[in-house]
Protein chains: 2
Amino acid sequence: MDKLNVDVIAENLMAIHPLLYKSLTRPAKTNSNITPGGMFVLGSLKRHQTLSMSDIGKCLSMPKPHVTVIVDKLIEEGYVERSNDVNDRRIINISLTEKGATDFEELKLAISENLKEKLLLLSSEEIEQLSVASKQVKDILISILSKV
Amino acid sequence: MDKLNVDVIAENLMAIHPLLYKSLTRPAKTNSNITPGGMFVLGSLKRHQTLSMSDIGKCLSMPKPHVTVIVDKLIEEGYVERSNDVNDRRIINISLTEKGATDFEELKLAISENLKEKLLLLSSEEIEQLSVASKQVKDILISILSKV
DNA sequence: GATAATAGTTATACTTTTGTAACCATTATA
DNA sequence: TATAATGGTTACAAAAGTATAACTATTATC
């Protein structure tokens, strides 16, 4: 192999990125009103159940003030809720509400539907392959890039 | 398998997306001044050599006015250049300049360096696996999501 | 107990992205 | 040739993301 694997990986990820960017941030309209940043936060909460404001920021490499803005909006919409930490009263923990979980699931479904149209162009072997490969990429990237 | 493959894929991609978003759009500082949108455009041009304004828009699901804004800035920085189409005088073709190609390569290298730090945590088997899997994901997604 | 560090918010300014409508030039269609 | 369609720009407005500084409250450290 000419190039180092790492460079190949970087190149592949940089090609994947814009494709996901458009396909996943502006999906089919649902009745939910979730911004890309909001989606990221909800996704993190989905995986971790509860996160402090700081943890969300670390998780998504977001400055804390931005986290505040996004969470404020998510609270306004009823998707997440604040609760004070028992041990450290500085900390505010954020968790999904039932509505948040439901609407996020609905959004994922809408995205999935959106994708499904495109995936129909593939053979079932390719779909299987994409299913496996995307899981591998996901797991490895989470292990090294997810900061929480 | 409980869930349909397509839903699994959607879930995986939605987990991959925010990780890439932060790792790839705000990489190590280089002396280039390239916005995320600009990176997308340069990446498209890298793969296709030359694209019309409309094609760029289709490629990236961007409204045409936004393409104009981004390309204007890229021209200002000397990264791309306009040329009139020979057959259809409405069409303006955009292509990378030498500087654009160089600086984009440099940017990719910076991102690659950035990633390399994290990838050091992985075994060589995992790196190999990520290399293969990311290529599979890339190729399949390009085949169904890339509109040009 | 004084001081430093941490968690979170508020305020502010700026850049980027998104969306739409109106417009001109060119090409295709009837 | 009149009309419609296409490619691109201009102008405008609004939403979202980015970045930093200043501030309060709480906890940790000395």
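None of the values given here were measured: they were computed from a predicted structure. All chains are named by letter (A, B, ...) in the order of the sequence lines, taking the proteins before the strands, and each is independently numbered beginning at 1.
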Exercise. Can you tell if the side chain of B:Glu81 reaches within under 4.5 Å of the side chain of B:Leu74, non-hydrogen atoms only?
Worked result: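 SC-SC contact between B:Glu81 and B:Leu74 ruled out.
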Exercise. Any side-chain heavy atom of B:Ile140 within less than 4.5 Å of one from A:Ile127?
Worked result: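 B:Ile140 vs A:Ile127: side chains apart.
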Exercise. So, the side chain of B:Ser134 versus the backbone of A:Ile9: is there a donor-acceptor pair under 3.5 Å, distance only?
Worked result: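 Judged by distance alone, no pair lies under 3.5 Å.
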Exercise. Is the centre of the B:Tyr21 ring less than 6.0 Å from the centre of the A:Phe40 ring?
Worked result: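 That pair passes the under 6.0 Å test.
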Quick check for you: among [options], whose closest atom lies nearest to any side-chain atom of [X]?
X: A:Met53; options: C:dT9, D:dT9, C:dT17; result: C:dT9
X: B:Lys73; options: D:dT20, D:dT10, C:dT16; result: C:dT16
X: B:Ile70; options: C:dT17, D:dG17, D:dG8; result: C:dT17

Residue-phosphate contact under 4.0 Å: [X] side-chain N/O, [N] OP1/OP2:
X: B:Thr68; N: D:dT9; result: yes
X: B:Lys64; N: C:dA22; result: no
X: B:Tyr21; N: C:dT17; result: no
X: A:Ser52; N: C:dA7; result: no
X: B:Ser54; N: D:dT6; result: no

Find the distance [X]:[atom1] to [N]:[atom2] and express it as a whole number of Å.
X: B:Met62; N: C:dT20; atom1: CE; atom2: P; result: 16 Å
X: B:His66; N: D:dG17; atom1: NE2; atom2: P; result: 14 Å
X: B:Ile75; N: D:dT9; atom1: CD1; atom2: C1'; result: 12 Å
X: B:Ile34; N: D:dT18; atom1: CD1; atom2: C1'; result: 18 Å
X: B:Met39; N: C:dT15; atom1: CE; atom2: P; result: 20 Å

Exercise. Taking it one step at a time, do A:Ile94 and A:Ser52 satisfy side-chain contact (heavy atoms from CB on, under 4.5 Å)?
Worked result: CA-CA 6 Å; A:Ile94 308 297; A:Ser52 70; over 6 Å; no
Exercise. Are A:Glu11 and B:Lys138 within salt-bridge range, i.e. N to O under 4.0 Å?
Worked result: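 Judged by the 4.0 Å cut-off on N to carboxylate O distance, A:Glu11 and B:Lys138 do not form a salt bridge.
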Problem set entry | Global bending angle along the helix from C:dG1-D:dC30 to C:dA30-D:dT1, which compares the axes of five pairs at either end, to 10 degrees |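 Computed angle between terminal axes is 30°.
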Exercise. Among B:Asp85, B:Val86, B:Asn84, which one satisfies side-chain contact (heavy atoms from CB on, under 4.5 Å) with B:Asn93?
Worked result: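 Among B:Asp85, B:Val86, B:Asn84, the one that satisfies the side-chain contact (heavy atoms from CB on, under 4.5 Å) with B:Asn93 is B:Asp85.
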Exercise. Closest nucleotide of DNA chain D for B:Asp72 versus for A:Gly38: which of these residues is on the 5' side?
Worked result: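 It is B:Asp72 whose nearest nucleotide is closer to the 5' end.
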Problem set entry | A:Ser124: side-chain contact (heavy atoms from CB on, under 4.5 Å) partners, not counting sequence neighbours |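 Per chain and number, A:Ser124 pairs via side-chain contact (heavy atoms from CB on, under 4.5 Å) with no residue.
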For this session: Take A:Glu128 and A:Val132 through the side-chain contact (heavy atoms from CB on, under 4.5 Å) test and state the conclusion after the steps.
Result: CA-CA 6 Å; A:Glu128 177 62 24; A:Val132 173; 3.7 Å; yes
For this session: Output the residues of residues 80-97 of chain B in contact with DNA chain D, where contact means a heavy atom of the residue under 4.0 Å from an atom of the strand; sort by number or write none.
Result: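 Residues of residues 80-97 of chain B that come under 4.0 Å of DNA chain D are, in numerical order, B:Arg82, B:Arg90, B:Ile91, B:Ile92.
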